[in-house]
Amino acid sequence: MGEMSVTTDLLEHEEKKSLESREFGFWIYLMTDAVIFALLFASYVVLSKNSAAGPSSKELFDLGHTAGETVLLLLSSLTFGLATISMSEDRANRVVQWLLVTLVLGLGFLAMELIEFHGMISQGAGPETSGFLSAFFTLVGTHGLHVTFGSIGICVMVGQVLVKGLTLPVRSRLIRLGLFWHFLDIVWIGIFSVVYLPGVM
Amino acid sequence: MLGRLTFDAIPLYSWVAMGGAAVTVCGGLAVFLLITYLRAWKVLWTDWLTSVDHKKIGIMYVVLALVMLVRGFVDALMMRAQQAIALNSDGYLPPEHFEQIFSSHGTIMIFFVAMPFLTGLINIIVPQQIGARDVAFPFLNSVSLWMTAAGAALVLVSLVIGKFSTAGWTGYPPYSGIQYSPGVGVDYWLWALIVSGVGSTMSGINFIVTIVKNRCPGMSYMRMPMFTWTTLCISILIAFAFPALTVVAAQLALDRTLGFHFFTNGDGGNMMMFANLLWIWGHPEVYILILPAFGIFSEVVATFSRKRLFGYKSLVYATACIAILSFTVWLHHFFTMGSSANVNAVFGIATMIIAVPTGVKIFDWMFTIYRGRIEFHPSMVFTIGFMVTFVIGGVTGVLLALPPADYLMHNSTFLVAHFHNMLIPGALFGYFAGLNYWFPKAFGFKLDAKWGIRSFWFWIIGFYLAFMPLYVLGFMGMSRRMEHYADPTWQPYLVVAALGALCVLAGIACIAIQLYVSAKNWGSARDTTGDPWNGRTLEWATSSPPAPYNFAILPEVRDLDAFHDMKISGTAYQAPVQYEDIVMPKSTGIGPILGALSFVLGFAMVWYIWWLAALCLVLSLVCIGIRACDDDSDFVMPAAEVARIENARLAQISAADMHDMRDFLPRGAASGAALPGRA
């Protein structure tokens, strides 16, 4: 029995060390992702005036709609923060509740984005129309894809919290997913101020 | 159901192409039959393919690199043969086939020879150099390997099913766009790059974290061996630069597949954006390939000169400078494509500045050799050959860095000669030096030195014969990538270049013979101490091949040349009072499965088989999800087992095997009282 617990201690110690590395590695992953977004932003800025025969950003963007998306995503970042606080208070049920609220807000954001995309495509402003729209759909769509993966991640983590409870690895994963989610918030603020605001001005 | 995949994809258009396809298929079949004949499938799967041991992953990377080296070299040989005979005639290759060959040659050599070779050597050595038991993320390491292999497999498959790109390894639009390249070739190229590029990015992240977090006690940053330093620098470069490759390849794929307009001629596309994005990755990539080789040269030169590395600090700072500057020179790849004179001047000056830290390194290595007791081991011979030859490449590079001169020489064979002059001595010779130097560490026996020296002479003579004529031809006005030509004064030079390629072929054959002879005589060349060359750094403190955990007890480092210091002070080869339990990662099949899925995904995207691509994507997500829920990925190796392995090893080492360290003790005036002032 004594030997068993020594082994378990060792595994736990090693796990803690490995989780620290994972958190550091995740920051670096986010940096590589930031480079991807930086280049997509740069491509957008280069192509943003190239609307060719298609509509320009002024004719397409609806700042009210974008404001709605922004509110949903910023609120979801707040609720993820509340989930993290509940985690530090060891309240697993509360964590699940806030995660579900975050998920609903994230899905709401995605729904609004899809409505916007659908509207643009149905009035002949799809990504194959012009360089400007290619860059727009790629940049905003890549962000949306990230939000989709983040939402899948939230579903997985809700399952893990329910099944495993707030174990050390689960906490670490939640922290990393939180970093991802807040990162997407920052990217969205970039999209709002580089794509939508100058687009309607 | 099968998208645009039909029976027309089989290369019946030329005998040469069919021959290539037949060789590829037969090669694959032969390997399959051999493994079946040896009944080795189970061992292969459990001990190798599913392994997350960094040493085994490293070996598999190097095997991949050597296989692809042969394929890439056959391309080179075919090009040289074509140009040697194609004066006022069509030669033996139709133009479209010739274009595929130079495109696949570049793609293979950069992405599937140089990248896996250096990643493999890093995998085998760096964790041991920093006194670690493993990389930070062993599972991620396995995924990186299999995604690189998937990319290589896509290039190989393009030889059998469909065609490869004809747009060169840089694939500039608009030619690589769907309008001018409607076939599958460019798509093969793109998906090979995307899949292997993601794998490389993950390797970069892995080694940043490994080096920052897993160093043993006492190993401060300024005690890290040079190879570890160069690895840290290129891992950072990979993490910053490879996302650019992913972005530019994805954008071109969107243009081609879904009709986007990033780089198209009309409708608001911008072709110059492709050149910029590609080279924002591409120039750092040059240093990603070369810096690890610089690290290998630094290790080899110190070991075989029997001296401490001269100017360690200046080498570290020079490496860091090169890494930073490598992001400031990308525009020199397209001086002639419409930038203003001032922009060209800025990038031209930046390019010349980057030669300064590189020059510092050359001097450091020369001063290390100066008054050393040099041993002409094959790895040392490759190092000296590199130093002489690389300087020529550096000088022609500074010449090309002058925008007015570049206007005259761009797109000529002068450029071809220049970058081969950088990458063959600068990168490949380094990897060969590493192969000769570290082979006993990976396999427990030494490589045959005689055949190593022979391979060196064939390689370096072949190199000079093949590329010096191309410098001359560049001045004579020959463009690169010509399938045939009409100027008879060019032909003699091209014949010499073809002879050079044959000489390199002999060099490759020597390496194959070296591997064969060494494997046959492995019993007489065994490395029992784990330290065959009287090495200076920690990788020589482990057994050869190392135990799965590398170090039974984590070493404590007091000096830059950590193991040298241990041997001098007599703390090497000591059994500890007590061994400890060691936590090890479990093998997992998810790595190779993800690799296979990314291969099929790439293949499906190339041929527009949408349902298959979607299926692969979903299955990949399921695999990642399964792994993300797995809390039981480690196991414990008990102390008794560790003690058994270690005692068996120590029992094998006799005092006679150990190196006499008295040679290194200070003698004569140096052994007297220390002079005042800092050492």
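None of these values were measured; they are calculated from a predicted model. Chain letters run A, B, ... following the sequence lines, proteins first and then strands; every chain starts at 1.
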Looking at [X] and [Y], what are the two nearest heavy atoms and their distance?
X	Y	result
N50(A)	G268(B)	ND2-O, 3.1 Å
G25(A)	V209(B)	CA-CG2, 3.4 Å
N214(B)	S21(A)	OD1-OG, 4.3 Å
D631(B)	R173(A)	OD1-NH2, 2.6 Å
H261(B)	E128(A)	NE2-O, 2.9 Å
K213(B)	E20(A)	CE-O, 4.4 Å

Rounded to the nearest 0.5 Å, what separates atom [atom1] in [X] from atom [atom2] in [Y]?
X	Y	atom1	atom2	result
W27(A)	I205(B)	CH2	CD1	14.0 Å
I624(B)	F149(A)	CD1	CZ	8.0 Å
T201(B)	I28(A)	OG1	CD1	12.5 Å

Query raised in the report: For the candidates V156(A), T129(A), L40(A), I152(A), which exhibits the highest count of non-hydrogen atom pairs separated by less than 4.5 Å from chain B?
Result: T129(A)
So which residue, [options], ends up with the most heavy-atom pairs under 4.5 Å with chain A?
options	result
G625(B), A628(B), G266(B)	A628(B)
V212(B), I280(B), L254(B), I236(B)	V212(B)
N276(B), V247(B), L140(B), T246(B)	V247(B)
A239(B), G269(B), S633(B)	A239(B)

Between [X] and chain A, which part of the residue has a heavy atom less than 4.5 Å away: side chain, backbone, both or neither?
X	value
D630(B)	backbone
F240(B)	both
V248(B)	neither
N206(B)	neither
I582(B)	backbone
L277(B)	side chain

Report task. Might you confirm whether atom NZ of K586(B) has over 12 heavy atoms from other residues, nucleotides or ligands at distances under 6.0 Å? Result -> yes
Check whether [X] gets within reach of chain B through its side chain, its backbone, both or neither, counting any heavy atom under 4.5 Å.
X	answer
A53(A)	neither
T142(A)	neither
K164(A)	side chain

Requested in this report: Output, in order, the C-alpha distance, side-chain angles, deciding distance and verdict of side-chain contact (heavy atoms from CB on, under 4.5 Å) for F262(B) and T138(A).
Outcome: CA-CA 10 Å; F262(B) 281 107; T138(A) 308; 3.1 Å; yes
Query raised in the report: Residue by residue, which of residues 86-123 of chain A have a heavy atom closer than 4.5 Å to a heavy atom belonging to chain B?
Result: none
Requested in this report: Taking Q251(B) for its side chain and S134(A) for its backbone only, find out whether a donor-acceptor pair lies under 3.5 Å.
Outcome: no
Report task. Run the numbers on L47(A) and M273(B) for side-chain contact (heavy atoms from CB on, under 4.5 Å), then give the verdict. Result -> CA-CA 9 Å; L47(A) 299 180; M273(B) 203 166 70; 3.8 Å; yes
